Amino acid sequence: MSGDAPAGVAWPREGGRVSTTKVAKRVWTAAVAGLGAADGGAQREAAEALAKEIEAEADWRHRYDGILARMAGLMAASSEAAFALAEAGLGALYEEFRFVRGSWDGCLDSDELLKLDVDEPETITVEGEGEALAALEVPIEVDGAAKKLTGDVLKGQAQAWADYGCCEQSVATSVAEAVDLPREKWDLEGKVFVLLGGTSAFCPAKPLLRLGATVAVVSRPGSKIEALRKYAAGTGGTLLLPKLPAADGPGLDILMQLPELVAWVAGLAKAQPGTHFVLGSYVYLDGERHVRATMAMDATCLALQKQLGPERVSLAYLMSPATAHLWPEDAYEASQARWRDRGWWTPAAGLQQNSRLCAFGPAERRVFNGYVTVQGPNYALAKTLQLWRGILAHRNGHLVSANFAPPGRTASMNNHATMANLLNGMQAFEPLVVLQQDTASHFMTVLLIHDLSSATPASPAKPGVQLEHPFDLYTHNAFHGGTWRCAYSGNSVGAASIVLGYFSYFTGTAALTPEVARL
């Protein structure tokens with residue numbers, strides 16, 4: 001990758017060019033090297049062998065997934081191993097990535113970066129004139145009709161999805177607990193939700209505004225942020241938007257205006273000394289820009305963590321099942337049972353066994369290889385660094401809401417013919433589920449409310465809850481879309497789903513209850 005001189009959050013250059021593969025390999029190798037001293041050096045030999053394999057792999061674009069899954073298997077050995085690898089991996093990322101502005105070129109976690117002379121953004125405040133919702137609700141479209149899931153119907157649908165296998169039982173339990181909370185126990189008062197990528201498809205900006213929350217949105221200037229501004233006016237919430245003094249309208253580019261972003265959020269914190277900030281990372285960009293944007297979000301969260309501490313900062317993510325992470329035993333057994341009951345036509349369709357191809361690590365703490373190679377190694381790096389940050393922040397005393405989110409019919413997916421066909425065909429393979437965009441964002445917001453509420457002290461998101469392994473942070477409240485319990489591997493299902501979606505498709509949502517249909 002070559003082109004113009006670097007500016008903003010940038011990959012390092014060598015000889016005037018960027019090789020994302022070379023940089024990523026250095027990061028992964030450094031991460032694995034962090035295992036050397038963990039557990040008294042018990043995995044040193046395996047870590048050294050894996051590092052050599054990373055360096056030697058010539059077809060990284062198509063073969064990264066198995067290597068990274070084995071790396072996660074080494075992390076699964078112990079808490080010490082997981083923390084050591086996460087620290088080493090993040091350390092390597094911050095050594096590699098730069099922020100460039102004019103003659104200034106430095107690390108993203110540099111104190112000097114935050115001292116650059118910048119025009120601190122002013123704040124545009126939109127006070128909603130509508131009524132805040134009195135109960136949690138999730139919109140859904142059924143046969144072209146708009147419906148709202150609330151109360152017992154919402155609890156019943158969450159349980160139906162858990163029974164079907166597209167999410168874990170903890171999801172249904174948490175939804176039921178959240179629905180039963182009185183409004184004051186949502187604990188929205190005294191909080192500001194700072195949403196990076198606040199206009200992205202699954203971001204909880206709109207659900208939170210409808211609930212009456214104060215939401216600070218960071219997104220690029222343009223039509224999306226203006227539309228959100230108008231939307232907020234009709235809700236019961238409060239929307240805060242950054243605006244540079246010389247700009248025509250609100251918005252910040254997280255890749256180019258990182259110092260201004262941190263200055264703005266720090267200014268909000270200074271003006272509201274008793275307020276707790278929930279920093280949500282929701283930016284999604286294509287290709288190598290996704291890594292840069294994720295680094296920018298992480299640098300923002302890291303700066304605010306240092307400035308405000310765990311008493312005033314929580315982190316929120318929507319995690320991707322398309323990573324390598326722990327695979328609970330009952331989900332693994334369910335996948336095996338479905339494979340045993342597979343149809344005779346399976347080999348002809350090219351479908352392969354999930355529990356054979358995707359299981360890594362020790363049997364007592366099995367790892368699921370959820371990487372989908374069509375998404376590419378940049379996506380894998382971006383989403384894995386969030387897994388790393390989450391476990392370290394939780395260890396350091398921060399509340400971390402980081403629940404796996406299912407696939408959804410976003411506008412960008414629907415506008416891409418191949419991806420639209422993929423989504424249209426996936427639900428032919430039980431228990432895979434695809435949610436509509438608004439359904440997914442509102443449903444995941446219910447889980448976020450559950451994680452944040454003081455009335456749910458046992459939630460693993462809470463820093464005081466002791467986890468058997470750091471990655472258990474992600475197995476709780478996992479709405480993985482069915483990948484854990486499907487008979488077939490994600491990579492083998494993909495091709496068949498595209499074909500099925502092209503000829504015959506199901507654009508609704510699987511496993512809906514009769515109560516939902518009768519609404």
Side-chain angles (χ1 to χ4, degrees), residues 65-66 68-79 81-82 157-176 319-347 349-372 387 402-407 426-434 447 458 460 467-494 496-497 510-511:
D65 61 319
L68 299 187
R70 291 200 297 280
M71 182 194 74
L74 297 180
M75 291 183 75
S78 70
S79 297
Q157 184 55 63
Q159 185 60 58
W161 278 329
D163 294 341
Y164 188 60
C166 60
C167 66
E168 296 307 291
Q169 178 59 41
S170 55
V171 171
T173 301
S174 294
V175 168
M319 307 309 287
S320 172
T323 54
H325 47 269
L326 294 187
W327 196 356
E329 183 63 21
D330 61 330
Y332 173 80
E333 292 294 340
S335 173
Q336 285 194 311
R338 280 193 166 90
W339 176 257
R340 288 193 292 270
D341 293 337
R342 68 192 182 278
W344 60 267
W345 46 266
T346 297
L351 299 173
Q352 297 178 306
Q353 185 178 355
N354 201 15
S355 55
R356 179 177 65 84
L357 292 180
C358 297
F360 290 82
E364 64 273 13
R365 196 175 288 132
R366 191 174 282 106
V367 163
F368 179 74
N369 177 11
Y371 291 117
V372 180
L387 292 174
N403 301 314
F404 284 128
M426 279 177 58
Q427 293 182 118
F429 303 100
E430 292 186 9
L432 299 184
V433 160
V434 180
L447 295 180
L467 305 178
E468 182 178 336
H469 187 276
F471 274 10
D472 289 333
L473 180 65
Y474 308 119
T475 56
H476 186 79
N477 281 353
F479 201 148
H480 44 73
T483 54
W484 286 1
R485 295 172 178 268
C486 186
Y488 315 114
S489 71
N491 282 318
S492 69
V493 162
S497 296

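Nothing here was measured: the structure is a model prediction, and the numbers come from that model. Count residues from 1 along the sequence.
Atom OG of Ser170 sits about 8.5 Å away from atom CG of Asn403, to the nearest 0.5 Å. Between the CD atom in Glu333 and the CZ atom in Arg338 there is a gap of 13.0 Å [rounded to 0.5 Å]. Met75 CE to Arg70 CZ: the interatomic distance, rounded to the nearest 0.5 Å, is 16.0 Å. Between the CG atom in Leu473 and the NE2 atom in His325 there is a gap of 12.5 Å [rounded to 0.5 Å]. Separation of atoms CZ (Phe429) and OG1 (Thr483) is listed at 14.5 Å; rounding is to 0.5 Å. The structure places CH2 of Trp484 at 12.0 Å from CG of Asn354, a figure rounded to the nearest 0.5 Å.
Smallest separation of non-hydrogen atoms from Gly350 and Ser492: O-CB, 3.5 Å. Considering every non-hydrogen atom in both Val367 and Ala69, the closest pair reads CG1-O, 4.1 Å. Taking each heavy atom of Ser335 and Trp327 in turn, the nearest pair found is CB-CZ2, 4.0 Å. Nearest heavy atom pair, residue Ala160 against residue Ala511, reads CB-O, 4.0 Å. Listed here is the closest heavy atom pair of Ala349 and Ala496: O-CB, 4.4 Å. Heavy-atom minimum distance, Tyr371 versus Leu68: CE1-CB, 3.6 Å.
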**Study point:** Asn491/Asp65 under side chain to side chain contact (heavy atoms under 4.5 Å, CB included): CA gap, chis, key distance, verdict
**Key:** CA-CA 11 Å; Asn491 282 318; Asp65 61 319; 4.0 Å; yes
Exercise for review: Take Gln159 and Val175 through the test side chain to side chain contact (heavy atoms under 4.5 Å, CB included) and record every step on the way to the result.
Suggested key: CA-CA 9 Å; Gln159 185 60 58; Val175 168; over 6 Å; no
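Within the 4.5 Å cutoff, the side chain of Pro431 has heavy atoms near those of the Cys486 side chain. At a threshold of 4.5 Å between non-hydrogen side-chain atoms, the residues Glu168 and His480 count as touching. A heavy-atom distance below 4.5 Å is found between the side chains of Asp472 and Leu326. Within the 4.5 Å cutoff, the side chain of Trp161 has no heavy atoms near those of the Pro406 side chain.
Remark: the backbone N or O of Gln353 is not paired with any side-chain donor or acceptor of Ser489 at under 3.5 angstrom. Between the side chain of Tyr332 and the backbone N or O of Arg366, no donor-acceptor pair lies under 3.5 Å. When atom types are taken as modelled, the side chain of Gln427 and the backbone of Ala510 share a donor-acceptor pair closer than 3.5 angstrom.
Checked by atom type, the side-chain pair Ser320/Thr323 shows no donor-acceptor distance below 3.5 Å.
Between Tyr488 and Trp345, the ring planes are tilted. Angles from 30° to 60° get that label.
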